[in-house]
Amino acid sequence: MSQVRVRFAPSPTGFFHIGSARTALFNWLYARHTGGVFVLRIEDTDQARNSEAFLDVIYNSLSWLGLNWDEGPRVGGAHGPYRQSERGDIYRAYLEKLMASGRAYEKEGAVFFRISGEPQVIEDGIRGRVERTEEKDFVIVRSGGSPVFHFVNVVDDIAMGITHVIRGEDHLSNTSKHTELFKAFGAPLPVYAHIPLILKQNGPGKMSKRDQGALIEEYQRRGILPEALVNFLCLLGWNPGDNREKMPLAEIVRLFDLPGVNQSNARFDEKKLAHMNWTYLVELPPDAYVEQARAYFARLAAGPAAEGAARIDPLAADPAYFREIMLLGQPKVKAIEELPAYTAYFFTEDFGIDPKVREKVMAKGDPVARLRELIATLATADFSSDATLEAAVQALAARQGLGLGDYVHVGRLAVSGTNVGPSFFSLLRVLGPDRVRPRLDRFLATAAGGSI
RNA sequence: GCCCUCAUCGUCUAACGGUUAGGACGGGGCCCUCUCAAGGCCCAAAUAGGGGUUCGAUUCCCCUUGAGGGCACCA
C-alpha cells in the first residue's frame, strides 16, 4: 500500500482557531501514526485577505503546538509551491482538461462546472457511508479570473497526491462537489474522514473566532502549556479506549486511528483544559517552570499596563529571588496567569492588607500579644531553612501552650497581607529577616493602634 | 425551505446485544492541615421520547424531538 499523505490547508485570516488546531492535530497524528506525510498548504486564493503577517500566525501557532510539517512553506517538497496564490499555472492546466472534456463552460464571464447529477457516495473513515446528490452546476472560476475554493482544493489534492482528507464536519456537505470534480478528472477519490466540530462553551453553535477560548495565540499569551493543550484537544473527539487522559504524545500517536474518532460534536470545556494544564504545570522541571513564569511576566510588562496592578516588576528583582518565589508557587497555583497576584507581596512593600482576612484573624484570641511574641522570637531566629524557622515558632507555641496557628495566622497576615500563600515558614525564609522584621513591626503598629 | 450529520451524568467520554451503565472535569460532604492548594474517603448526577427486531436492547431498524452543519463569483 502506498504511503499516506494528509494535508492541513488553512487560509490566512490573521487568526488561528482552536478548531483549525484540532483539524491540524488529527491530520498530524494520522500522518505520524501511519508513517505518512503531513503537508501544509496555504489556501490564499482570496487575495483580499492576505499578508505575510497572517501567514506567520499559522506558522507560529503550528510550531508552538509542535505540529511540524513534512512538506509546505519554509520546508519545501516535491509538490510545491504550497501557496495557492502561486499555483495559477496548475489551475489553468486542470481547467483546460475540464473545458476540453466539456465538463466546464463559461457563462456571463465565470466558469461553471457541469455536474453529473449522479448520487455521490463516500465511505467516510469516521462516519461510514454518506450519500448526497449535487443538484446544480457551480462556479469554479470567478468572472475576475480567480479560481474558487472547491476547484483549487480538489486540484491540489490530486496534484499533491493526498490520500486522506481529514477535515471538519462542516465540509461534509461540500464533499459531493469535490467527488464530482475528482471523477471529472478521472482521479481516484481520497479517503474522507469528517471530524466532529467544537461547539462553543456557552450558547448555541460552533466555536467562532469571537468566542472565549477560540484563538490559539490567546492560550500562548496566557501561559497555557502547548503539551497540555494538545493533550486536551486529542481528547475532544478521540480517546484511547481505556480511562487514560493525561498521556504522552508518543503514546497518542501510537494509538490514534480514524475509526476511534467520535462522530458527535464536542462542547469546549475551559475548566477541564485548566485542569489538564495544571497537571502538566506541576510536573514541569524547576528550570522550565521558572522560564514559563519569566516569559509570562515579560509578556505582561510588554503589554498594556493593567490599571492599578502595575508598578510591580518581578523581573527587576534578583533572579535567584524570583526563581525561589516562582517555585514556591508551582505546587500551589493552578495556572501561570495566577502568579502575579499570588506573588505580588514578595516584590513590593506596598502590598495591601485584605480587610476581610484582617477582620477574621484579629477577632480570635489575642493576636497582638501573639505578634509581639513572634517578633521577639524571629528577632533571633535562624532564617536559613524552613525547618529552623518552624522549630523556633513551634517552641514558642509550646512554651505558651498555644497552637501553631495562633502565630502563623497573624504572622502571615502581617508579612503578606493575605491568608493565601505558601507555607508560612517558606514565606519567612524567602522574604528574609530584612523584609520580615519591618513588616511585622509595621503591622504591629497599626494593629495595636499605635500603643506599643 | 431543501440537503447532510449527530444524540450516555452539567461537560469530555467508556461500555465487540447480557455491566450494580465505568472514568475524568465541574459540584457537594468528610478527613488531613500553619493559610490556600494538593492528597485520601464518600455523595449527587446520564442511556431524549415512541415504536419495532430479539430470550434480552445504551448498543440494530423506523418515526418524532433536539442539537449541529451545508445550501456564495467565502474558505
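Residue numbering restarts at 1 for every chain, and letters A, B, ... go by the order of the sequence lines.
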Peer 1: What's the spacing between Gln400(A) CD and Tyr407(A) OH if we round to 0.5 Å?
Peer 2: 4.0 Å

Peer 1: Using a heavy-atom cut-off of 4.0 Å across all strands, would you classify His194(A) as base, sugar-phosphate, or nothing?
Peer 2: nothing

Peer 1: Does Tyr345(A) offer a backbone N or O that forms a donor-acceptor pair with the side chain of Thr348(A) under 3.5 Å?
Peer 2: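 The answer is no, because no donor-acceptor pair under 3.5 Å joins these two groups.
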
Peer 1: So, is the end of the Arg22(A) side chain (NZ or CZ) under 6.0 Å from the ring centre of Phe26(A) and within 45° of the ring's axis?
Peer 2: yes

Peer 1: Side chain of Phe425(A): nearest nucleotide among rC73(B), rC34(B), rG26(B)?
Peer 2: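 Among rC73(B), rC34(B), rG26(B), the one nearest the side chain of Phe425(A) is rC34(B).
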
Peer 1: Given Phe232(A), which partner from the list Ile18(A), Leu273(A), Asn277(A), Ile224(A) fulfils the side chain to side chain contact (heavy atoms under 4.5 Å, CB included) test?
Peer 2: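 The side chain to side chain contact (heavy atoms under 4.5 Å, CB included) with Phe232(A) is passed solely by Leu273(A) among Ile18(A), Leu273(A), Asn277(A), Ile224(A).
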
Peer 1: Ile18(A) has an atom CD1; how far is it from atom C1' of rC12(B), in whole Å?
Peer 2: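 Rounded to the whole Å, the gap is 14 Å.
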
Peer 1: By nearest heavy atom, map Gly260(A) and Lys107(A) onto RNA chain B; which one lands nearer the 5' end?
Peer 2: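 With Gly260(A) and Lys107(A) compared, the 5'-side residue is Gly260(A).
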
Peer 1: Can you tell me if Asp242(A) has over 12 outside heavy atoms packed within less than 6.0 Å of its CG?
Peer 2: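 Correct, the count exceeds 12.
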
Peer 1: Is rU65(B) paired to anything, Watson-Crick or G-U wobble with both distances less than 3.5 Å, and if yes, which nucleotide?
Peer 2: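 When the pairing criteria are applied, rA7(B) turns out to be the nucleotide that pairs with rU65(B).
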
Peer 1: Under 3.5 Å for both donor-acceptor distances, Watson-Crick or wobble: does rG1(B) have a partner, and if so which one?
Peer 2: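 rC71(B) - that is the nucleotide pairing with rG1(B), both distances being under 3.5 Å.
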
Peer 1: Please report the distance separating the C1' of rC60(B) from the corresponding atom of rC2(B), rounded so that it comes out in whole Å.
Peer 2: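 29 Å, rounded to whole Å.
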
Peer 1: Could you tell me whether the side chains of Glu43(A) and Asn153(A) share a donor-acceptor contact shorter than 3.5 Å?
Peer 2: yes

Peer 1: In the structure shown, which nucleotide is the Watson-Crick or G-U wobble counterpart of rG26(B), with both distances under 3.5 Å?
Peer 2: none

Peer 1: Using the P atom on both, measure rC9(B) against rC31(B) and round to a whole Å.
Peer 2: 33 Å

Peer 1: Only pairs with both distances under 3.5 Å count, Watson-Crick or wobble alike; so what is the partner of rU53(B) in this structure?
Peer 2: none

Peer 1: Scan nucleotides 36-41 of chain B against the protein and return all N/O pairs shorter than 3.5 Å with their distances rounded to 0.1 Å.
Peer 2:
{"residue": "rC36(B)", "atom": "N3", "partner": "Lys332(A)", "partner atom": "NZ", "Å": "2.4"}
{"residue": "rC36(B)", "atom": "N4", "partner": "Lys332(A)", "partner atom": "NZ", "Å": "3.0"}
{"residue": "rA37(B)", "atom": "O2'", "partner": "Lys332(A)", "partner atom": "O", "Å": "3.2"}

Peer 1: Nearest to the side chain of Asn239(A), heavy atoms from C-beta on, is which of rG23(B), rC73(B), rU13(B)?
Peer 2: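 Shortest atom-to-atom distance from the side chain points to rU13(B).
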
Peer 1: Mind checking who rU35(B) pairs with, Watson-Crick or G-U wobble, both distances under 3.5 Å?
Peer 2: none

Peer 1: Would you kindly compare Asp242(A) and Glu390(A) by the position of their nearest RNA chain B nucleotide and give the one closer to the 5′ end?
Peer 2: Asp242(A)

Peer 1: Does any nucleotide pair with rU47(B) by Watson-Crick or G-U wobble geometry, both distances under 3.5 Å, and what is it?
Peer 2: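 Pairing partner: none.
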
Peer 1: Determine the interatomic distance between P on rG50(B) and the same-named atom on rU58(B); round to the nearest Å.
Peer 2: 12 Å

Peer 1: Pick base, sugar-phosphate or nothing for Ala266(A), based on heavy-atom distances below 4.0 Å to the nucleic acid.
Peer 2: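 Ala266(A): backbone/sugar contact only, no base atoms under 4.0 Å.
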
Peer 1: Looking only at side-chain atoms of Leu199(A), point me to the closest of rC73(B), rG23(B), rG68(B).
Peer 2: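 Nearest listed nucleotide: rG68(B).
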
Peer 1: Considering only atom P, compute the distance from rG49(B) to rC43(B) and round it to an integer number of Å.
Peer 2: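 Pairwise P distance, rG49(B) against rC43(B), rounds to 26 Å.
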
Peer 1: Please enumerate all protein N or O atoms sitting under 3.5 Å from an N or O of nucleotides 4-8 of chain B, with distances to 0.1 Å.
Peer 2:
{"residue": "rU5(B)", "atom": "O2'", "partner": "Arg127(A)", "partner atom": "NH1", "Å": "2.6"}
{"residue": "rU5(B)", "atom": "O2'", "partner": "Glu169(A)", "partner atom": "OE2", "Å": "3.0"}
{"residue": "rC6(B)", "atom": "OP1", "partner": "Gln263(A)", "partner atom": "OE1", "Å": "2.9"}

Peer 1: Assess whether atom CD of Gln212(A) is packed by more than 12 heavy atoms of other residues, nucleotides or ligands within 6.0 Å.
Peer 2: no

Peer 1: Taking atom C1' in both rA67(B) and rC42(B), what distance in whole Å separates the two?
Peer 2: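 Each nucleotide's C1' atom is 35 Å from the other's.
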
Peer 1: Closest to the Asn174(A) side chain: rG70(B), rC34(B), rA24(B)?
Peer 2: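 Nearest to the side-chain atoms of Asn174(A), counting from C-beta on, is rG70(B).
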
Peer 1: Are there more than 12 heavy atoms of other residues, nucleotides or ligands under 6.0 Å from atom CD of Glu359(A)?
Peer 2: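 Check fails, neighbour count at 12 or below.
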
Peer 1: Asp269(A) has a side chain; which of rC12(B), rG68(B), rU11(B) sits nearest to it?
Peer 2: rU11(B)

Peer 1: May I ask you to say what Gly237(A) touches in the nucleic acid, namely base, sugar-phosphate or nothing, with a heavy-atom cut-off under 4.0 Å?
Peer 2: sugar-phosphate

